[in-house]
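Just so we're clear, the structure is a prediction, and the values are computed from it rather than from any experiment. Note that the numbering runs from 1 along the sequence shown for the chain.
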Amino acid sequence: MGFEGICMLVVLCLNMSAVQSGGSVTYSTTSVCGLKGASVVLPCTYHYSGIGPYIRGEWYEERSGRVIKYDPLNYDCSLKIDKLTDDHSGVYQFRFLTTLHLSWITSKPGITVTVTDLKVKEDDAGDANQTKVTCSTSCSVGLQYVWYKNGQPLQDKTTVSIRVPEVASYSCAVKGYEALRSPAKCIPDKQCWGVTYSYENSCVLLGSAVDIPCTYLHPKYDSINNTFWFNKQKSNNPIEDLNLADKYKNHVEYLGDKKSSCTLRLKDIRVSHSGEYVFRFTTKEGESYSGLPGVNIYVTDLQVLTPPEAVTEGERVTLTCDTTCTLSKDPIFIWYKNGQPVTYKHTTRDNKLHLNPVSSEDAGSYSCSVRGHESLSSNDVSLNVRYRPTHVSVFISPSDGIKEGTSVTLTCSSDANPPTHTYTWYMKSGAESLVRGTGESISFNVTSDTSGLYHCGAQNEVGSRNSTGVAVPSKGGLAIPMAVTSGIIIALILALMLVVSIRMYKMARKNTTRRQGVHSDVHDDTYTALNPRTTSSEYDTLQNVRSVSDTYMPLQRTAQASVYETLQRRETPP
């Protein structure tokens, strides 16, 4: 059970809502207790109806007035607060605005957030041979606890209070949050030695920084002479202080003191910094103590596993952002293509990027990073996607002034991976397409035998695709793409149909009027008032049709005549 779920079980859950001008905010609890360094969730929902679209919402803390910008989705306004500190304590409320109600809609009294830390408290057990110790907090934060004796976990000790029979240093933690351990306490209250690390073994990113929280105990009658950290796996005899090691220069910072704190900060971590880190101190009486076992730090970089040398469009491809150890704190991976974040539908929240199916647009250079450490990105790997020719088109030269007897060149272009290796040219002849040549370009003299509709086919190792057709005339005029010619014909047919329909409608209406014997001045005036505009509209339509016809029909007739003459000559026996 997560820490937030634990808090939900131990706090009083009330359902409070305030309805205000058709809108409401509801909190499912009035208080939440969080452990310092952990996270909590403030459960919240909001509703509104008939009061205009939602504009924006925000959380705010009453005492400080601190505002937390927030854009909830689907009426869920729950807020998660990470890495709790004492400053997060307070009463929080959610409020929102709509377009028709510009005053805040909210609910009081809100949710009270209490932040607590852990301390080991010694109680009188009523037994001379045992001492009762309690994992003390300012509010209830857990149902199960973990206890440590001299830094080592005690098995089967999960209650908030336990009895201990011997002198030792004891610390505690909430189950599930073992890294947030309390400072060690000497029990009974006598003089003892101990080092407590409030940090678990961890996998960290190359180039990042990490703090290892640490506390220690020593006899009160003796004072501290020296404190330092060492890497157990990298140190020889005598033990080497990290501050004095060349490879740790500018990479370590001691944040402790000579009383009880011994926290260490590692900066700009290198792969060579992996190992078990141990705190050691000596007293002025000549005594020394090492906090064994220490904390293991594993350092990893990010590597995008190399994809297959080439993939084919339509296949499934998965890229993996690999690490040599499992990163702590449930990281969120970010993917980049050609240096830009990947935002389209294939992205996932794990360390994999699924491209299913992969397309030519997915080709490029990929890398990955972890949210919060975007500057520590991985290597770049290239994804090569094979695809059949696309954007196959024909260009004609010259583009105008083509006459019978002149030379014309047709060029085929395409986009393909691998590049197109074969171009084939076809000329439409009746229902068949005759091969007229190969190669990226063909040239010929325009005659009645060579005029007609041409298209090219482009082929590579993956597949093939044809272009649209272009018409090469034999008696002057432009080469007109087949699609344009078809569009002209369709436009002419539609325009003529429109004119015929209007004419038939007017004739039917005129006949009906005559049969009904309507001759009053009012009806005559009404008809007369409408008739000129209708007649003008018909006239304009006819004029537009004639204009289009005058412009494009010669071109169409030229192309059709050329094809017809060619077919006639081929069908006439010699």
Worksheet entry | Sidechain-backbone polar pair: S378 side chain, C368 backbone, donor-acceptor under 3.5 Å | yes
Worksheet item: For the side chain of H88 and the backbone of K36, is there at least one donor-acceptor N/O pair under 3.5 Å apart?
Response: no
Worksheet item: Could you walk me through whether L118 and Y177 pass the side-chain contact (heavy atoms from CB on, under 4.5 Å) check?
Response: CA-CA 11 Å; L118 302 176; Y177 289 85; over 6 Å; no
Item to complete: Indicate the atoms forming the closest heavy-atom contact of F333 with C321, along with that distance.
Response: CD2-SG, 3.8 Å
Fill in: D86 side chain vs S89 backbone, donor-acceptor pair below 3.5 Å
no
Worksheet item: Any side-chain heavy atom of L266 within less than 4.5 Å of one from V252?
Response: yes
Item to complete: Output yes when a side-chain donor or acceptor of N231 lies under 3.5 Å from a complementary backbone atom of L242, and no otherwise.
Response: no
Worksheet item: With side chains defined as the heavy atoms from C-beta onward, is the minimum distance between Y277 and Y197 less than 4.5 Å?
Response: no
Worksheet item: Out of curiosity, N225 CG to K258 NZ, how far, rounded to the nearest 0.5 Å?
Response: 6.5 Å
Discussion item. Let's go through S31 and T112 carefully: what are the C-alpha distance in whole Å and the side-chain angles of both, what is the deciding distance for side chain to side chain donor-acceptor pair (under 3.5 Å) to 0.1 Å, and is it a yes or a no?
Written reply: CA-CA 4 Å; S31 61; T112 299; over 6 Å; no
Discussion item. Looking only at side-chain N and O atoms, does S393 offer a donor or acceptor that is under 3.5 Å from a partner on S413?
Written reply: yes
Fill in: Straight-line distance of L97 CG to T106 OG1, nearest 0.5 Å
10.5 Å
Worksheet item: How far does OG1 of T30 sit from CD1 of I111, to the nearest 0.5 angstrom?
Response: 8.5 Å
Worksheet item: side chain to side chain donor-acceptor pair (under 3.5 Å) between S169 and N150: does it pass, once the steps are laid out?
Response: CA-CA 5 Å; S169 66; N150 294 331; 3.0 Å; yes
Worksheet entry | Side chain proximity check, V195 to C214, heavy atoms < 4.5 angstrom | yes
Discussion item. Please give me the minimum heavy-atom distance between C44 and V25, naming the atom from each residue.
Written reply: SG-CG1, 3.9 Å
Practice prompt. Dump the intermediate steps for side-chain contact (heavy atoms from CB on, under 4.5 Å) on F94 and L42, then the final yes or no.
Written response: CA-CA 10 Å; F94 176 75; L42 311 186; over 6 Å; no
Worksheet item: Should the ring pair W193 and Y289 be called parallel, tilted or perpendicular, given that the plane angle runs from 0 to 90° and is split at 30 and 60?
Response: parallel
Fill in: Pairwise side-chain contact, L383 with L355, heavy-atom cut-off 4.5 Å (strictly under)
yes
Worksheet item: Above 12 or not: heavy atoms from other molecules or residues under 6.0 Å from NZ of K267?
Response: yes
Item to complete: Could you pull out the closest heavy-atom pair between R265 and D211, with the gap in Å?
Response: NE-OD1, 2.8 Å
Worksheet item: Do T134 and S161 have side-chain atoms, one donor and one acceptor, less than 3.5 Å apart?
Response: yes
Discussion item. Can you confirm whether the side chains of N460 and Y387 place a donor and an acceptor under 3.5 Å from each other?
Written reply: no
Practice prompt. Begin from the C-alpha positions of V370 and L302 and carry the test side-chain contact (heavy atoms from CB on, under 4.5 Å) through to its verdict.
Written response: CA-CA 9 Å; V370 173; L302 299 175; 4.1 Å; yes
Discussion item. Could you tell me if D76 and S78 have a donor-acceptor pair between their side chains, going purely by distance under 3.5 Å?
Written reply: yes
Discussion item. Within 45 degrees of the ring normal and closer than 6.0 Å to the centroid, is that where the cationic atom of R280 sits relative to F230?
Written reply: no
Worksheet item: Hey, what do you get for OG1 (T282) to NE2 (H218), rounding to the nearest 0.5 Å?
Response: 11.0 Å
Worksheet item: So, does T283 use its side chain to make a donor-acceptor pair with the main chain of S223 at under 3.5 Å?
Response: no
Worksheet item: What pair of heavy atoms forms the shortest contact from V40 to C33, and how long is it?
Response: CG1-O, 4.0 Å
Worksheet item: Atom CD1 in I332, atom CG in N351: separation rounded to 0.5 Å?
Response: 13.0 Å
Discussion item. Does either side chain, that of T324 or that of T300, offer a donor lying less than 3.5 Å from an acceptor on the other one?
Written reply: yes
Worksheet item: Any idea how Y248 and H273 line up, ring-wise: parallel (<30°), tilted (30 to 60°), or perpendicular (>60°)?
Response: parallel
Worksheet item: Quick one: does R465's side chain get under 4.5 Å of T420's, heavy atoms only?
Response: no
Worksheet item: Is there a donor-acceptor pair closer than 3.5 Å between any side-chain N or O of T390 and the backbone N or O of D415?
Response: yes
Worksheet item: Do W229 and Y216 have ring centroids that are under 6.0 Å from one another?
Response: no
Worksheet item: Do the side chain of S182 and the main chain of C172 share a donor and acceptor less than 3.5 angstrom apart?
Response: yes
Worksheet item: Among side-chain atoms of Y27 and S107, is any donor-acceptor pair under 3.5 angstrom?
Response: no
Worksheet item: Which heavy atom of C139 sits nearest a heavy atom of T114, and at what distance?
Response: SG-CG2, 3.8 Å
Worksheet entry | Minimal non-hydrogen separation, V204 against I269, with atom names | CG2-CD1, 3.7 Å
Discussion item. Could you tell me if the side chain of V385 sits less than 4.5 Å from the side chain of S359, heavy atoms only?
Written reply: no
Discussion item. If we ignore hydrogens and angles and just use 3.5 Å, is the side chain of R270 paired with the main-chain N or O of D268 as donor and acceptor?
Written reply: yes
Worksheet item: Can you list the steps and then say if T85 with V115 is a side-chain contact (heavy atoms from CB on, under 4.5 Å)?
Response: CA-CA 7 Å; T85 66; V115 181; 6.0 Å; no
Worksheet item: Hey, what do you get for NZ (K185) to NZ (K121), rounding to the nearest 0.5 Å?
Response: 11.0 Å
Worksheet item: Can you tell me if E61 uses its side chain to pair, donor with acceptor, with the backbone of V91 under 3.5 Å?
Response: yes
Item to complete: For atom NZ of K247, decide whether the heavy atoms of other residues, nucleotides or ligands shown that lie under 6.0 angstrom number more than 12.
Response: yes
Worksheet item: Do Y145 and V174 touch side chain to side chain, with heavy atoms closer than 4.5 Å?
Response: yes
Item to complete: Classify the ring geometry between F279 and Y254 as parallel (under 30°), tilted (30 to 60°) or perpendicular (over 60°).
Response: parallel
Discussion item. Treating N201 as the side-chain partner and N296 as the backbone partner, does any N or O pair qualify as donor plus acceptor under 3.5 Å?
Written reply: yes
Discussion item. Can you confirm whether F228 sits close enough to L244 that some side-chain heavy atom of one is under 4.5 Å from a side-chain heavy atom of the other?
Written reply: no
Worksheet item: Side-chain donor-acceptor pair under 3.5 Å between S377 and S367, yes or no?
Response: no
